[in-house]
Amino acid sequence: MQKISSSFFITRGGGKGRNIFKRVRFMPLYSFPHHKDLNYKIEKHDRRYFLHLDFDAFFAQVEQRDNPKLRGKPVSVGGNGGIKGIVMTCSYEARALGVKTGMSVFEAKQICPELISLPCYGPKYEAILLNITEAFIKLVPEDCIEQYSIDECFLELTPVVKDYFDAIRFALKIKKLVKRMENLTVSVGLSFNKSYAKLATKFRKPDGLSVIREENRPDIYMLPAVKLWGIGSRIEKRLAMLGIFTIGDLANCNFHAVHKEFGINGVILRKIARGEDTRIIATGKQKRIEKSFNHHHTLTEPIYKSEDVTDEIRRIGEYMCRKMRFKNLAGKHLFLTLRFDDLGFISEDIKLFSPTNDERDIFEAAMYLYKRFPEPEPFHKVRMFGMTIFDLHPITGYNLDLFRKQPILPYKELDYLKEKYGENIIRVGLTRL
Ligand code: DCP
Ligand code: CA
Ligand code: CA
């Protein structure tokens with residue numbers, strides 16, 4: 001099962017409330033379908049059943065659930081609870097009065113003076129989808145569950161249903177289960193591919209259940225193209241310039257015209273419009289592996305003293321290793337880049353014997369590279385430190401090299417502490433044993 005966590009978006013330091021706000025805002029809510037996820041060996045899915053689930057007015061509904069006084073009232077979530085900030089979402093009562101996601105709270109209050117604006121509490125919302133997807137494991141195989149965003153998931157029902165009637169019964173069961181577990185309503189869409197299922201969810205909200213079957217194609221083709229997954233207002237405008245307004249226009253348009261305008265993404269959009277989305281449930285296993293990680297840090301005051309430079313290299317290495325561990329990857333090819341005040345960028349690289357995400361190895365390799373650079377001096381100080389790691393390998397444990405002489409460190413626990421209390425709470429000593 002693929003799980004999304006926003007913990008990597010937490011900024012270092014800063015007040016608690018700010019972090020919570022950032023955690024949610026920076027979640028990758030809508031990613032463009034990637035062409036590598038499509039299966040080009042088949043033209044379209046045949047007799048497969050995908051269910052898409054999306055919570056109604058998510059953050060607002062949760063707040064109304066937790067405080068009965070807010071029920072039936074126009075409520076918005078986002079901002080600091082006063083008039084500052086942005087409306088991240090609002091209850092259906094507020095929507096009826098003209099409040100919209102993305103407005104400033106100030107603007108929303110002018111349109112709807114009785115609006116109750118609440119601050120956002122990210123961790124509470126994040127836990128909900130995790131809870132219900134855990135429960136789904138009892139109903140469908142684990143690799144049929146994909147968390148897509150903070151309030152959305154896909155389920156493939158093909159292994160557990162035999163036709164649409166069965167699938168609808170199953171969808172109703174899921175809706176009831178969510179209501180019983182979390183006391184929240186969801187809207188669901190059912191179809192033979194993921195994009196059409198996601199499209200169907202929007203048809204009836206709140207608490208809806210909609211189905212798109214093969215024979216509904218003429219109705220789907222009449223809808224505006226912007227309703228499709230991956231099409232936002234900017235792409236909508238560019239499509240309009242090609243004379244494409246509806247899903248049907250996109251489905252029937254000239255292949256080369258969209259390819260010329262959007263490249264491979266145009267081809268994907270056309271396929272999605274035609275109901276030829278051949279993606280399957282994305283589990284952690286099928287996830288594309290990152291090709292490289294890099295991080296650059298520019299100092300406000302350039303440095304030259306050996307201990308300062310060493311400390312900066314060590315810090316950047318620690319950060320890179322934490323990033324790799326978070327993604328369960330280990331790298332083998334390391335680049336160190338420095339920018340000197342007078343010499344410009346200089347880069348050196350080294351290939352390691354085995355992939356690692358242990359900061360002791362990365363620090364040692366980086367220091368070995370650093371010795372190849374001209375030594376920083378008061379008249380040529382270092383302004384920027386950069387590290388890139390290529391040749392990434394997926395790992396299951398933390399240390400791959402069984403013959404290593406150093407003790408294995410509890411990196412999982414260390415990372416947890418850093419995530420919770422900030423980068424500086426704990427550091428690994430680098431003196432070799
Ligand atoms: N969200 C956010 N920033 C955005 C959009 C949404 O922080 N730009 C948050 C608030 C939403 C949640 O993500 O409650 C889910 O987003 P949706 O787009 O699914 O919107 P809602 O669930 O609020 O409403 P709907 O009933 O239309 O799905
Ligand atoms: Ca939603
Ligand atoms: Ca959503």
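Atoms within a ligand are numbered from 1 in the order they appear, just like the ligands themselves. Scope of the values below: all heavy atoms of this structure, side chains included, with no hydrogens, waters or symmetry mates. Quick caveat: nothing in here was measured; it's all calculated off a predicted structure.
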Worksheet item: Nearest non-hydrogen atom to atom 23 (O) of ligand 1 belongs to which of Thr185, Thr89, Ile86?
Response: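 Nearest option to atom 23 (O) of ligand 1, by heavy atoms: Thr89.
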Fill in: Nearest neighbour of atom 1 (N) of ligand 1 from the list Gln61, Glu63, Met88, on a heavy-atom basis
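Among Gln61, Glu63, Met88, the closest heavy atom to atom 1 (N) of ligand 1 comes from Met88.
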Discussion item. Quick check on the Ca ion (ligand 2): does Phe55 put an N/O/S atom closer than 3.0 Å to it?
Written reply: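 A backbone or side-chain N, O or S atom of Phe55 is under 3.0 Å from the Ca ion (ligand 2).
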Practice prompt. Please assess Lys198 against Glu152 for the test salt bridge (charged side-chain N to carboxylate O under 4.0 Å, His left out), listing each intermediate value before the final yes or no.
Written response: CA-CA 9 Å; Lys198 190 164 157 61; Glu152 277 165 74; 2.6 Å; yes
Worksheet item: Strictly by modelled atom types, are Gln61 and Ser91 linked by a side-chain donor-acceptor pair under 3.5 Å?
Response: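 On atom types as modelled, these side chains do not qualify, holding no pair under 3.5 Å.
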Discussion item. Please confirm whether Tyr125 approaches ligand 1 to less than 4.0 Å, judged on its heavy atoms.
Written reply: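 Tyr125 does not count as a contact of ligand 1 under the 4.0 Å cut-off.
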Could you tell me, atom by atom, which parts of ligand 1 come under 4.0 Å of a heavy atom of [X]?
X      : result
Arg95  : 21 (P), 23 (O), 24 (O), 25 (P), 26 (O), 27 (O)
Phe55  : 22 (O), 26 (O), 28 (O)
Asp56  : 26 (O)
Lys205 : 25 (P), 26 (O), 28 (O)

Item to complete: State the CZ-CD1 distance between Phe59 and Ile128, to the nearest 0.5 angstrom.
Response: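 Reported to 0.5 Å precision, the distance equals 9.5 Å.
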Item to complete: Return a yes/no value for Asp151: is any of its N or O atoms, backbone included, closer than 3.5 angstrom to an N or O of ligand 1?
Response: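 Indeed, backbone or side chain, Asp151 has an N or O that close.
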Worksheet item: Taking side chain as C-beta onward, heavy atoms only, is Thr278 less than 4.5 Å from Asn193?
Response: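 Answer no - side chains too far apart.
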Worksheet item: Got a salt bridge between Glu318 and Lys323, using NZ or NE/NH1/NH2 to carboxylate O under 4.0 Å?
Response: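 No, no charged N to carboxylate O under 4.0 Å.
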Worksheet item: In degrees, rounded to 10 degrees, what angle do Asp54 atom OD2 and Glu152 atom OE2 make at the Ca ion (ligand 3)?
Response: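 My answer is 90°, to the nearest 10°.
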Worksheet item: Out of the N/O/S atoms in Asp151, what is the name of the one closest to the Ca ion (ligand 3)?
Response: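 The atom in question is OD1.
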Item to complete: Check the pair Tyr125 / Tyr121 against ring pair (Phe, Tyr, Trp, His ring centres under 6.0 Å), numbers first and verdict last.
Response: CA-CA 7 Å; Tyr125 315 134; Tyr121 186 57; 7.1 Å; no
Practice prompt. Step by step, work out the ring pair (Phe, Tyr, Trp, His ring centres under 6.0 Å) result for Phe192 and His45.
Written response: CA-CA 7 Å; Phe192 53 93; His45 282 320; 8.7 Å; no
